[in-house]
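Quick note on labels: first sequence line is chain A, next is B, and so on, each numbered from 1. If you're wondering where the values come from, they're calculated on a predicted model, not measured in any experiment.
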Amino acid sequence: MEITLPLLVNLVLNGLVLGTLYFLLASGLSLIFGVMSVLNLAHGAFFMWGAYTGLAVLLATGNFWLALAAGAAAGAVLGVVVERTTVRFLYGKHLQQILLTLGLMLVLGELVQVIWGPQLHGFPVPAFARGTVFILDYPFARYRAYVLGAGAAVLVLLFLLLHRTKLGLIVRAGVENPDMVQALGVNVSRVFTQVFALGAALAALGGVLAGPFFRTAWPQMGNDLQLYAFIVVVIGGLGSVTGAAVGSLLVGLGEALMGFFYPEVAMAVNFGLMALVLLIRPWGLLGSEADHH
Amino acid sequence: MSSLLEVQGLQAWIGRFHILQGVDLSVREGETTVLLGRNGAGKTTTLRAIMGLVAVRGGSVRLGGQELAGKRPYTIAQLGIGYVPEDRGIFRFLTVEENLRVAERSRGALKRREELIFGLFPDLARFRQRKAGYLSGGQQQMLAIARALVNDNRLLLIDEPTKGLAPIVVQHLTQTLAEIAKHVTVLLVEQNFAMAARLGQACVIVDDGRTVHRGSMNALVNDPGLQQRYLGVGAQQGSPAGEGPQASPAGGSQHGSPAGGSQHGSPAGGSQHGSPAGGRQQAS
């Protein structure tokens with residue numbers, strides 16, 4: 001097939017859409033690790049629960065915006081419950097955290113099957129976002145354009161939250177030196193819950209957005225995407241939201257372009273990229289070198 | 001004068017090591033108390049234990065009669081303690097102003113103290129919007145101290161503020177700390193004996209995790225034998241008996257052992273240079 005500019009533009013846009021989904025997962029993962037050094041293996045489960053909650057609300061009400069809100073809210077609630085009842089007892093205990101979050105991943109994954117069954121569920125594209133738009137005479141699913149818009153909006157909101165609010169200030173300080181933050185009188189216990197809930201809500205929002213993109217919801221969807229999110233976080237640097245954004249775009253673009261031209265090596269390229277970053281900048285593209293030690 | 005902080009029989013472990021095995025100290029309201037001792041004696045751990053950053057496993061820590069042991073660091077801070085850690089603990093990727101704002105325990109706290117803070121540290125006003133990581137070592141230390149002044153704290157815990165700083169910076173910092181100490185009670189860990197002598201009214205010496213001496217700074221300055229016993233050779237030669245607590249460290253610090261090798265400065269180095277009030281001898 002001839003490689004034309006419109007084709008390339010189309011592939012890049014698709015890469016950006018994938019990158020948006022990865023970003024929604026990876027930004028929370030990165031923040032949670034950065035602030036409380038918890039590697040949350042159950043993060044994909046929040047994504048998946050968001051998707052199923054969104055689907056249920058969409059089918060019941062037919063309103064996609066409501067589905068988005070419900071999915072994100074479900075993620076936040078799940079995040080608060082998980083942090084308050086389990087994770088908070090294991091801060092600083094990395095091995096136990098891995099066992100715990102791995103267990104949570106399995107339990108949350110099974111629970112969704114108890115309710116909705118193990119099969120795939122069709123996830124309809126909301127009516128207002130059906131059809132295609134043409135970009136440089138090349139068809140592009142209208143829904144994907146919405147996903148791009150949503151991704152940009154989340155990025156801006158997250159940036160404002162981190163740079164214009166007291167919580168954001170504390171989070172950025174906490175990524176650098178959590179002990180000092182609490183020695184200054186900040187109730188880190190409350191901040192940890194908020195950050196965990198925020199990360200879970202972002203992941204769940206990603207799950208709802210991913211539904212119409214894949215046209216399905218399936219029990220393993222969270223785990224399938226979580227792998228990419230981990231690659232993104234390693235590339236971008238743990239604890240850095242900007243790093244998560246850059247890493248998501250790189251992995252998304254790599255996935256879309258390599259998936260089109262050399263599908264058999266697409267995954268290998270992502271791992272190669274990660275290995276390269278680990279060799280040259282083990283703390284990630286935008287991570288901080290000091291935190292790495 | 002009543003005692004603001006009262007530590008009794010403080011015990012703490014770091015991992016499997018029994019670091020504090022009975023530290024007793026009291027800090028009187030309005031005074032500056034200097035915590036002295038050799039390297040590894042447990043000075044930093046004592047401050048961290050008071051702050052709740054190291055678990056208190058025995059004994060008591062009372063601030064104005066209220067027990068702090070077992071409380072979370074943020075609760076302890078909220079009771080009115082400002083902490084300036086040994087590594088300064090500044091947030092390098094945040095601006096100077098943001099570093100100060102993290103410490104705000106009430107809305108507008110920084111605004112209310114701005115004049116005081118930037119009056120003491122004009123450099124910080126100048127670099128207000130600069131990322132703290134780009135500040136010099138001395139400016140970072142000023143920022144760490146300024147951060148403890150954002151709230152109306154009753155007590156400041158300051159851990160080796162002169163560590164790694166050039167003599168001229170140390171001199172300046174000493175003057176500023178003396179100014180601060182007029183308004184707030186301070187518990188200071190300081191290796192620079194001249195500075196400790198200038199700032200402290202009372203002193204506590206710890207050795208191997210235990211309090212071995214408590215008294216006035218004046219008495220310690222005038223007792224070379226005591227200095228020799230607990231603080232090593234350097235301090236003895238470093239501060240002639242004639243020099244009282246009010247003596248200026250200026251002369252000494254300029255000739256003292258090179259600032260670079262300062263922190264756990266070679267005790268021999270300083271005393272061999274025979275500087276009068278040695279910039280950096282092994283005071284603890």
Exercise for the section: Please examine the side chains of A/Gln182 and B/Met51, heavy atoms only from C-beta on, and report whether any two atoms are closer than 4.5 Å. Expected result: no
Practice task
Please state whether the side chain, the backbone, both or neither of B/Leu53 comes within less than 4.5 Å of a heavy atom of chain A.
Solution key: side chain
Exercise for the section: Measure the spacing between CD1 of A/Ile170 and CZ of B/Arg101 and express it to the nearest 0.5 Å. Expected result: 10.0 Å
Exercise for the section: Indicate the atoms forming the closest heavy-atom contact of B/Arg48 with A/Asp179, along with that distance. Expected result: NH2-OD2, 3.8 Å
Exercise for the section: Please check if the side chain of B/Glu98 supplies one atom and the backbone of A/Leu169 the other of a donor-acceptor pair under 3.5 Å. Expected result: no
Practice task
For residues A/Val181 and B/Tyr74, determine if any side-chain heavy atom of one lies less than 4.5 Å from a side-chain heavy atom of the other.
Solution key: no
Practice task
Output the distance between atom CD (B/Glu104) and atom CG (A/Leu184), rounded to the nearest 0.5 Å.
Solution key: 11.5 Å
Exercise for the section: Applying side chain to side chain contact (heavy atoms under 4.5 Å, CB included), run through A/Met180 and B/Phe91 and close with a yes or a no. Expected result: CA-CA 9 Å; A/Met180 194 62 222; B/Phe91 307 111; 4.0 Å; yes
Handout entry: Check against side chain to side chain contact (heavy atoms under 4.5 Å, CB included), A/Arg172 and B/Val102
Key = CA-CA 10 Å; A/Arg172 285 184 295 136; B/Val102 175; over 6 Å; no
Handout entry: Contact leader toward chain A among B/Gly89, B/Ala148, B/Pro85, where contacts are heavy-atom pairs under 4.5 Å
Key = B/Gly89
Problem - B/Arg112, CZ: over 12 other non-hydrogen atoms inside 6.0 angstrom - result: yes
Practice task
With a 4.5 Å cut-off on heavy-atom pairs, point out which of B/Gly82, B/Ala103, B/Gly52 contacts chain A the most.
Solution key: B/Ala103
Handout entry: Heavy-atom neighbours of B/Glu115 CD exceed 12 at 6.0 Å
Key = no
Problem - Minimal non-hydrogen separation, A/Ser189 against B/Arg72, with atom names - result: CB-NH1, 4.1 Å
Practice task
State whether the side chain of A/Lys166 and the backbone N or O of B/Arg107 hold a donor-acceptor pair below 3.5 Å, judged by distance alone.
Solution key: no
Completion exercise
When rounded to the nearest 0.5 Å, the distance separating CG of B/Asp87 from CG of A/Asn177 is 6.5 Å
Practice task
Evaluate whether atom CZ of B/Arg126 has more than 12 neighbouring non-hydrogen atoms of other residues, nucleotides or ligands under 6.0 angstrom away.
Solution key: yes
Problem - Heavy-atom contact with chain A under 4.5 Å, split by part of B/Leu79 - result: neither
Completion exercise
Minimal heavy-atom distance between A/Ala183 and B/Ala77, with the atoms involved, is O-CB, 3.2 Å
